[in-house]
> 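Below are the structure tokens for one structure; questions will follow.
In this text, all values refer to a predicted model and were calculated from it rather than measured experimentally.
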Amino acid sequence: MTHLFGLADCNNFYASCEQVFQSDLRGKPTVVLSNNDGCVIALSKEAKSLKIPFGIPYFKMKATPEYRHVQVRSANFTLYGDMSNRVMDTIALNVPDTEIYSIDECFIDYNGVPNAEAHAKQLSETVRQWTGIAICIGLGPTKTLAKLANRKAKKEACGAVDVTDMDIRNDILKETEIGDVWGVGRRWKARLLLQGINTAYDFSRMDRRLARDMMGVVGLRTVDELNGISCQDLEFITPDKQNLCISRSFGDTIHTLDGMKERIHYFSTRATEKLRSGGLVASAISVFVRGNRFRPELPQYSNSVTVSLDGSTSDTGEILNAALYGLNKIYRPGIPYKKAGVLLLDLHPKEQAPSNLFTKSNPQREKLMHTMDGLNSKFGPGAVSYGQIPQSRTWYMSQKMLSNRFTTHWRELLVAK
DNA sequence: TCTGGGGTCCTAGGACCC
DNA sequence: TCTGGGGTCCTAGGACCC
């Protein structure tokens, strides 16, 4: 049976979110910066046409005269998350089923939908009207081909493209560079080019055994998918998360154990909140620290350690102790630290967590955690915290150009005049 | 002065077992 | 000339994604 997959993808998502709520940004080149206002992670179409490179450090962009009039915003993930929900809800209302793939993309089950391409075009229009966000939809018999069709739709700015038809498909395969195929990153691109494989079409014609030998089952799957053989179904049930990571580069540099403790304390606390909000427990935690890899003249050091927890837990106190124990193990004096983080590992839903002798339930502590989570979500992260708290969070992020949280905080809602 | 954060999957190789 | 031969589990590292 042949399938029909759709892939809906928001155009320039973060930049579009900023432009939707700030009319003065519309039509102007606009970029969004990463945490700490470090580098450019999203560009509006006007910014793209100025050829601002994705990922350029902000200080470099600022120093470039041609970019001086570019509008700049700090990443506002609260806003983007909320807009994402609106877009996804709108799509889900109009199609049989969806699989949310990332903050700005979802796969669509288009099996059995008559005139799917026309339907998809109409859907992209509906999303634009309801949310203000422009999307494009690609359609094809596999996820990889739907991705390919989506690129084409974006390029043509036409709402939707279907590559089910073989002639249309082959044309698009031939005009798609190998590095633009979903699943082919920088490394494989280089190796495939050496083999004389320059386009998606060349890749689809590649010998299956060679693909398997060179790139493993993942590469083989991609070749098959380019040929219309579906190897990846829609996943309607989100698989349980296995790891959870909170990490940051610092706005400043840390030289002391106390300074690092402060940050690890913060990361662990945020991580356990996330853990509990997903109804999960962890059985181990990794802590990592790193110097400044962009300054090779400074002493370099990078290390990590994994600490087992006593059974599976989501208790902030236990996880915090393990994290600080780990930090003590790997901390070396004399290093200017620039980045650190924690990973919670081996996650399971609380009910089905593997239990052992150490597993214990303590309703009072659970209630305490619940209360703290509530206060922190209401008043902002770190409003109440566990144990001795770091004095300030000014180090946490520099976000000098943050827009308002137009959709989720009533003090910042837009006022109609 | 200033360079993101959060994930997944696969594979190779070592430790250990019988 | 070399040499056991399977299994399992774990970890590190490489590749990719947005």
Side-chain angles (χ1 to χ4, degrees), chain A residues 7-14 31-42 53-64 72 74-77 80-81 84 99-107 143-144 147 150-151 178-192 212-222 231-232 235 238-253 267 270-271 274-275 278 283-284 286 288 290-296 298 302-306 308 336 338-347 396-401:
Chain A
L7 175 69
D9 189 326
C10 300
N11 303 352
N12 321 313
F13 184 55
Y14 298 165
V31 301
V32 175
L33 303 180
S34 64
N35 283 334
N36 286 319
D37 293 339
C39 58
V40 171
I41 55 167
F54 180 91
I56 185 180
Y58 176 48
F59 71 90
K60 274 190 192 161
M61 191 194 96
K62 218 167 30 175
T64 309
V72 180
S74 304
N76 184 342
F77 291 107
Y80 311 149
S84 173
E99 172 199 331
I100 295 176
Y101 178 69
S102 74
I103 191 164
D104 72 334
E105 278 174 81
C106 71
F107 286 102
K143 283 184 168 179
T144 305
K147 272 267 186 188
N150 182 277
R151 281 181 48 84
I178 185 63
D180 293 330
V181 174
W182 190 40
V184 178
R186 272 206 335 272
R187 301 297 173 97
W188 282 351
K189 174 184 173 180
R191 294 183 57 186
L192 288 167
R212 164 75 231 223
D213 289 349
M214 217 173 116
M215 307 166 69
V217 297
V218 182
L220 179 58
R221 216 150 51 196
T222 302
C231 308
Q232 310 176 67
E235 287 167 23
T238 359
D240 295 323
K241 214 195 291 220
Q242 298 173 25
N243 306 317
L244 190 163
C245 174
I246 304 278
S247 81
R248 296 281 186 282
S249 296
F250 310 144
D252 51 1
T253 304
F267 297 145
R270 296 288 85 78
K274 256 180 130 172
L275 190 66
S283 65
S286 262
F288 70 89
R290 186 184 290 171
N292 190 343
R293 65 196 168 98
F294 296 106
R295 300 281 299 278
L298 297 177
S302 149
N303 204 353
S304 72
V305 64
T306 301
S308 297
K338 195 62 185 170
K339 182 172 182 174
V342 302
L343 288 94
L344 293 173
L345 307 170
D346 191 21
L347 310 186
Y396 165 43
M397 275 208 280
S398 117
Q399 296 179 296
K400 298 212 173 75
M401 293 146 290

> Is the phosphate of dG6(B), meaning OP1 or OP2, less than 4.0 Å from a side-chain N or O of Ser247(A)?
yes
> So, does Lys338(A) get its side chain near the phosphate of dT3(B), meaning an N or O under 4.0 Å from OP1 or OP2?
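Checking dT3(B) against Lys338(A), a side-chain N or O does come within under 4.0 Å of OP1 or OP2.
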> Under the side-chain hydrogen bond (donor to acceptor under 3.5 Å, both in side chains) test, which residues partner Asp104(A), sequence neighbours left out?
Ser102(A)
> Does dC18(C) have OP1 or OP2 sitting under 4.0 Å from an N or O in the side chain of Lys147(A)?
yes
> Can you name the residues that form a side-chain hydrogen bond (donor to acceptor under 3.5 Å, both in side chains) with Glu235(A), not counting sequence neighbours?
none
> Taking Watson-Crick (N1-N3 plus N6-O4 or O6-N4) and G-U wobble (N1-O2, O6-N3), each under 3.5 Å, can you produce the dot-bracket string of DNA chain C? Use [ ] for crossing pairs and | for inter-strand ones.
....||||||||||||||
> I want to check one thing: is the phosphate of dG5(B), taken as OP1 and OP2, less than 4.0 Å away from some side-chain N or O of Ser249(A)?
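Answer is yes, contact under 4.0 Å.
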> How far does the P atom of dT1(B) sit from the matching atom of dC17(C), given to the nearest Å?
35 Å
> Report all interatomic pairs (protein N or O, nucleotide N or O of nucleotides 9-13 of chain B) with separations under 3.5 Å.
{"unit_1": "dC9(B)", "atom_1": "OP2", "unit_2": "Gln242(A)", "atom_2": "NE2", "d": "3.3"}

> Think Lys339(A) has a side-chain N or O under 4.0 angstrom from the OP1 or OP2 of dG6(B)?
no
> Under a 4.0 Å heavy-atom cut-off, which of residues 56-64 of chain A touch DNA chain B?
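When residues 56-64 of chain A is checked for heavy atoms under 4.0 Å from DNA chain B, the hits, listed by number, are Pro57(A), Phe59(A).
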> Send over the distance from Phe288(A) CZ to dG7(B) C1', rounded to a whole Å.
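Computing the Phe288(A):CZ to dG7(B):C1' distance gives 13 Å.
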> With rounding to whole Å, what would you report as the distance between dC2(C) and dC16(B) at their P atoms?
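So the two P atoms sit 28 Å from each other.
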> Restricting to salt bridge (Lys or Arg N to Asp or Glu O under 4.0 Å), what partner residues turn up for Asp240(A), sequence neighbours left out?
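Checked Asp240(A) against salt bridge (Lys or Arg N to Asp or Glu O under 4.0 Å); zero matches.
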> The criterion is side-chain hydrogen bond (donor to acceptor under 3.5 Å, both in side chains); which residues satisfy it with Ser84(A), sequence neighbours excluded?
none
> Apply side-chain hydrogen bond (donor to acceptor under 3.5 Å, both in side chains) to Arg295(A) and list each qualifying residue two or more places apart in sequence or on a separate chain.
Glu297(A)
> Name all residues meeting the salt bridge (Lys or Arg N to Asp or Glu O under 4.0 Å) criterion together with Lys147(A); count only those two or more places apart in sequence or in a different chain, and write none if there are none.
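Once residues adjacent in sequence are excluded, the partners of Lys147(A) under the salt bridge (Lys or Arg N to Asp or Glu O under 4.0 Å) criterion are Glu105(A).
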> OP1 or OP2 of dG6(B) versus the side-chain N and O atoms of Arg248(A): is any pair under 4.0 Å?
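Checking dG6(B) against Arg248(A), a side-chain N or O does come within under 4.0 Å of OP1 or OP2.
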> Does Tyr58(A) have any ring-ring contact (aromatic ring centres under 6.0 Å, His included) partners at least two apart in sequence or in another chain, and if so, which?
none
> Identify the two heavy atoms, one from Ser247(A) and one from Gly341(A), that lie closest to each other, and give their separation to 0.1 Å.
CB-CA, 3.6 Å
> Using salt bridge (Lys or Arg N to Asp or Glu O under 4.0 Å) as the criterion, list what pairs up with Asp9(A), not counting sequence neighbours.
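Lys154(A).
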> Taking CZ from Arg290(A) and C1' from dG5(B), how many angstroms apart are they, rounded to a whole number?
11 Å
> Under 4.0 Å from OP1 or OP2 of dT3(B): is there any side-chain N or O of Asn292(A) that close?
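Checking Asn292(A) against dT3(B): no side-chain N or O falls below 4.0 Å of OP1 or OP2.
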> Listed by chain and number, what are the salt bridge (Lys or Arg N to Asp or Glu O under 4.0 Å) partners of Arg151(A), not counting sequence neighbours?
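Expected list: Asp180(A).
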